[in-house]
Amino acid sequence: MSAKPVSFDSHPPHGHPENQGPSTQNVDRASTASHPPSVKPDPTTTAPHPKLNPHGAKGSEPSSSSSGPAELSDLKVRLRNALRQYPDFPSKGILFEDIMPIFSSPKLHADLVKALELEVRAKFDKTPDVIVGLESRGFLFGPSLALRLDAGFVPVRKQGKLPGKLETEGYEKEYGTDFFQIQSDAIAKGQTVLVVDDIMATGMFYYR
Ligand SMILES: O=P(O)(O)OC[C@H]1O[C@H](OP(=O)(O)OP(=O)(O)O)[C@H](O)[C@@H]1O
Ligand SMILES: Nc1ncnc2[nH]cnc12
């Protein structure tokens with residue numbers, strides 16, 4: 001439905017040409033479910049998209065009466081503060097953003113799904129028919145978001161994992177090369193698709 005990635009975080013991705021400086025997050029702060037992070041104002045929060053349609057297309061009614069731009073920006077602050085940074089992992093020069101503290105907390109996990117739903121509804125005037133999740137960490141986000149949007153879920157997997165007729169595409173990553181595959185009949189002609197993943201690092205997969 002869009003060739004351009006929609007970033008949950010409005011910072012350019014790590015390693016992207018627009019983001020060669022140090023991380024804007026606290027590298028030495030470790031937050032966990034049992035030690036929740038402090039909430040700071042989010043200077044990167046943007047105004048709601050003009051296409052926001054609260055009564056629009058399929059499955060477009062957010063599931064909470066308190067949802068909206070203010071709730072979304074609050075959720076983004078909490079989620080960003082839950083990330084943990086590991087410098088020089090898995091190799092020197094990489095700042096690894098660990099998303100797992102979000103999933104170890106039921107509250108943050110619920111916040112994440114809610115925020116993704118609100119973001120999609122704010123960004124697009126029609127919800128997607130299919131959510132495509134990229135292995136591995138895209139699988140943490142895709143199925144729960146698909147349920148919230150009344151969409152199907154289709155996996156894109158690393159080479160050699162899917163049976164049947166496949167489409168294959170190679171891509172460069174921040175620390176390596178890999179191949180993605182999808183089943184050829186997984187998406188029907190005319191369906192709108194939203195691709196979901198955990199993080200843009202170099203953005204190579206999206207921008208090439
Ligand atoms: O912006 P890019 O440079 O393209 O990098 C981002 C990609 O790299 C990671 O996948 P990876 O295959 O390393 O890990 P995973 O299997 O744990 O998801 C991450 O999950 C993104 O898919
Ligand atoms: N900097 C990074 N942090 C977390 N996951 C990644 N996958 C690729 N680059 C990454």
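Just follow the structure's listing: the first ligand is 1, and inside any ligand the first atom is 1.
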A student checking ligand 1 against Asp197 at a 4.0 Å heavy-atom cut-off should list atoms 20 (O), 21 (C), 22 (O)

Would one find an N or O of Arg137, backbone or side chain, under 3.5 Å from an N or O of ligand 2? yes

Least distance between heavy atoms, Gly152 atom then Ala146 atom: O-CB, 3.8 Å

What's the spacing between Phe96 CZ and Tyr86 OH if we round to 0.5 Å? 9.0 Å

Between Ile199 and ligand 1, find which residue part has any heavy-atom pair under 4.0 Å and reply side chain, backbone, both or neither. both

Would you say Asp198 contacts ligand 1, with heavy atoms under 4.0 Å as the rule? yes

Spacing of CE belonging to Met100 relative to CG belonging to Leu140, to within rounding of 0.5 Å: 5.0 Å

Consider only side-chain N and O atoms of Gln181 and Glu167, and report whether a donor and an acceptor are under 3.5 Å apart. no

All heavy atoms of Arg148 vs all of Arg121, minimum pair found to be O-NH2, 3.3 Å

Enumerate the atoms of ligand 2 whose separation from the nearest heavy atom of Leu95 is less than 4.0 angstrom. 1 (N), 2 (C), 3 (N)

Subset of ligand 1 atoms that lie under 4.0 Å from at least one heavy atom of Met200: 1 (O)

